[in-house]
Amino acid sequence: MPELPEVEVTRRGVAPHIEGRTVETVVMRRDGLRWPFPPQLRQLLAGRQVLRTGRRGKYLLIHFEHGTLIVHLGMSGHLRVMDSGIEPEKHDHFDLVVQAPQGLQVLRMKDPRRFGAVLWHDDADGLLEHHVLLRGLGVEPLEPGFSGKLLYDQTRQRSAAVKLVLLAGDIVVGVGNIYASESLFRAGINPKTPARRISLARYEKLAQAVREILAEAIVQGGSTLRDFISVNGQSGYFQQTYFVYDRAGVPCKVCAAPIRQIKQGQRSTFYCVNCQK
């Protein structure tokens with residue numbers, strides 16, 4: 001599933017092509033994806049200008065004056081920008097068609113597994129932060145509100161493993177499975193450690209590791225394991241720099257001990273028993 005870096009790479013790729021542009025029309029080739037497409041979406045957006053793009057965790061936000069289009073890539077979704085007139089392929093389910101200086105351009109969503117989503121939040125319904133998908137999310141890891149002290153303060157009563165606390169998303173949002181494993185390795189913390197047993201000093205190291213790992217992944221275009229490609233059709237290459245993720249049995253790049261793989265919360269965790277105490 002695309003994680004925060006992949007969604008941010010997508011946002012940065014989409015932004016120059018749609019920000020400030022007026023929507024010509026919306027094309028929906030099925031009733032919906034994970035959830036039904038909003039009724040009257042074509043009427044809501046046609047003739048309206050895209051003010052800006054944003055991101056909240058793994059959700060891409062396309063802001064209009066009267067509301068926000070919320071896009072989730074699901075397990076296999078990605079967005080491409082292309083000229084109008086290019087015929088859709090089998091799994092191209094949604095188009096946002098905008099006016100551009102060179103003619104009409106299409107922001108097209110492909111989603112073979114159909115676990116993605118395109119939803120609408122009307123400003124008349126209240127603040128965007130109150131949307132059912134967004135209201136329980138923690139702080140953004142790349143913004144000033146995220147710190148080791150926050151992690152420390154919010155985990156004093158949590159006996160769950162620190163890896164699972166990172167994935168929960170209610171303290172810090174967007175640190176998915178890949179980047180949680182890599183961040184814990186960089187911070188030298190065993191992923192099985194109960195969250196409440198980790199000291200403030202070690203949480204400071206973990207917060208810094210999370211910021212560094214996510215920032216590096218964004219620069220490298222995210223990770224491409226199966227389905228993810230960026231808006232321009234290129235694959236990310238952060239997976240080439242993994243220290244632990246998907247390297248079970250391979251020697252650790254630091255100490256040469258074999259990387260171990262375990263299951264935590266139905267997800268695979270990779271770590272080095274020597275480097276992560």
Side-chain angles (χ1 to χ4, degrees), residues 1-8 56-58 129 133-218 222-223 225 238-239 241-277:
M1 179 179 292
E3 299 185 12
L4 185 153
E6 290 76 49
V7 179
E8 180 62 19
R56 187 71 173 97
K58 301 177 186 179
E129 294 80 23
L133 295 177
L134 306 180
R135 63 191 179 198
L137 299 182
V139 302
E140 290 286 335
L142 297 177
E143 294 184 0
F146 177 60
S147 67
K149 188 176 188 307
L150 173 74
L151 291 174
Y152 179 81
D153 289 344
Q154 294 293 317
T155 55
R156 294 308 83 202
Q157 304 301 318
R158 296 209 182 191
S159 58
V162 63
K163 165 81 178 307
L164 297 180
V165 169
L166 284 179
L167 294 182
D170 57 335
I171 299 177
V172 58
V173 68
V175 187
N177 197 42
I178 293 172
Y179 303 107
S181 289
E182 291 295 310
S183 297
L184 287 164
F185 175 82
R186 184 169 294 191
I189 297 174
N190 189 301
K192 298 184 292 183
T193 307
R196 65 186 182 188
R197 290 181 52 192
I198 297 174
S199 68
L200 175 59
R202 299 192 81 195
Y203 268 128
E204 293 287 4
K205 287 185 178 181
L206 179 57
Q208 182 62 26
V210 167
R211 286 190 290 266
E212 291 174 353
I213 290 291
L214 293 177
E216 291 167 14
I218 291 169
S223 297
L225 296 181
F238 186 72
Q239 67 273 10
T241 66
Y242 289 165
F243 275 80
V244 290
Y245 188 82
D246 203 29
R247 299 188 71 244
V250 177
C252 174
K253 295 180 181 181
V254 175
C255 72
I259 299 298
R260 294 189 181 181
Q261 178 180 4
I262 59 173
K263 287 286 187 180
Q264 290 184 295
Q266 309 304 313
R267 307 295 298 277
S268 290
T269 293
F270 302 86
Y271 71 106
C272 174
V273 68
N274 287 342
C275 294
Q276 296 174 254
K277 303 299 182 181

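Quick note: numbers below take in every heavy atom, side chains included, and nothing from hydrogens, waters or symmetry partners. Remember, it's a predicted structure, so these values are computed and weren't measured experimentally.
Within the 3.5 Å criterion, the main-chain N or O of Phe146 finds a donor-acceptor partner in the side chain of Arg211. Listed for the Glu140 side chain is a donor-acceptor partner under 3.5 Å among the backbone atoms of Gly57. Remark: side-chain polar atoms of Arg202 are not paired, donor with acceptor, to backbone N or O of Arg197 under 3.5 angstrom. The backbone N or O of Tyr242 lies less than 3.5 Å from a partner atom in the side chain of Lys253, making a donor-acceptor pair. For the pair Arg135 (side chain) and Glu129 (backbone), a donor-acceptor distance under 3.5 Å is absent.
Nearest heavy atom pair, residue Lys263 against residue Gln266, reads NZ-O, 4.2 Å. The heavy-atom pair separating Pro141 from Leu214 by the smallest distance is CG-CD1, 3.5 Å. In terms of heavy-atom proximity, Asn274 sits nearest to Ala257 at ND2-CB, 3.3 Å. Between Ala209 and Ser183, the shortest heavy-atom contact is CB-O, 3.5 Å. Nearest heavy-atom pair across Cys272 and Cys255 is SG-SG, 3.5 Å. In terms of heavy-atom proximity, Ala248 sits nearest to Gln261 at CB-OE1, 3.5 Å.
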Legend entry - side-chain contact (heavy atoms from CB on, under 4.5 Å) between Phe185 and Cys252, worked out: CA-CA 10 Å; Phe185 175 82; Cys252 174; 3.9 Å; yes

Inset, instruction - Could you give me the CA-CA distance, side-chain angles and deciding distance for Lys192 and Ile262, then say whether side-chain contact (heavy atoms from CB on, under 4.5 Å) is met? - result: CA-CA 10 Å; Lys192 298 184 292 183; Ile262 59 173; 3.6 Å; yes

Inset, instruction - Give the C-alpha distance, both sets of side-chain angles, the deciding distance and a yes or no for side-chain contact (heavy atoms from CB on, under 4.5 Å) between Ile171 and Arg158. - result: CA-CA 12 Å; Ile171 299 177; Arg158 296 209 182 191; 3.8 Å; yes

Inset, instruction - Please report the C-alpha distance between Arg247 and Phe270 in whole Å, then the side-chain angles of each, then the deciding distance to 0.1 Å, and finally whether the side-chain contact (heavy atoms from CB on, under 4.5 Å) criterion is met. - result: CA-CA 7 Å; Arg247 299 188 71 244; Phe270 302 86; 5.7 Å; no

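When side chains are defined from C-beta on, Val244 counts as touching Gln276, because their heavy atoms get closer than 4.5 Å. Looking only at side-chain heavy atoms (C-beta outward), Leu206 and Leu184 come within less than 4.5 Å of each other. Between Lys58 and Pro2, the closest side-chain pair of non-hydrogen atoms is not below 4.5 Å.
Here the straight-line distance linking atom CD1 of Ile189 with atom NZ of Lys205 works out to 8.5 Å at 0.5 Å rounding. The line from CD of Glu204 to CD1 of Ile198 is 13.0 Å long, rounded to the nearest 0.5 Å. To the nearest 0.5 Å, atom CD of residue Gln264 and atom CG of residue Asn177 are 9.0 Å apart. Rounded to the nearest 0.5 angstrom, Ile213 CD1 and Tyr245 OH are separated by 14.0 Å. Atom CG in Asp246 sits 10.0 Å away from atom CD in Glu182 (nearest 0.5 Å). One distance of note links OH of Tyr179 with CG of Leu167; it measures 13.5 Å at 0.5 Å rounding.
Environment of CZ in Arg260: sparse, with no more than 12 heavy atoms of neighbouring residues, nucleotides or ligands closer than 6.0 Å.
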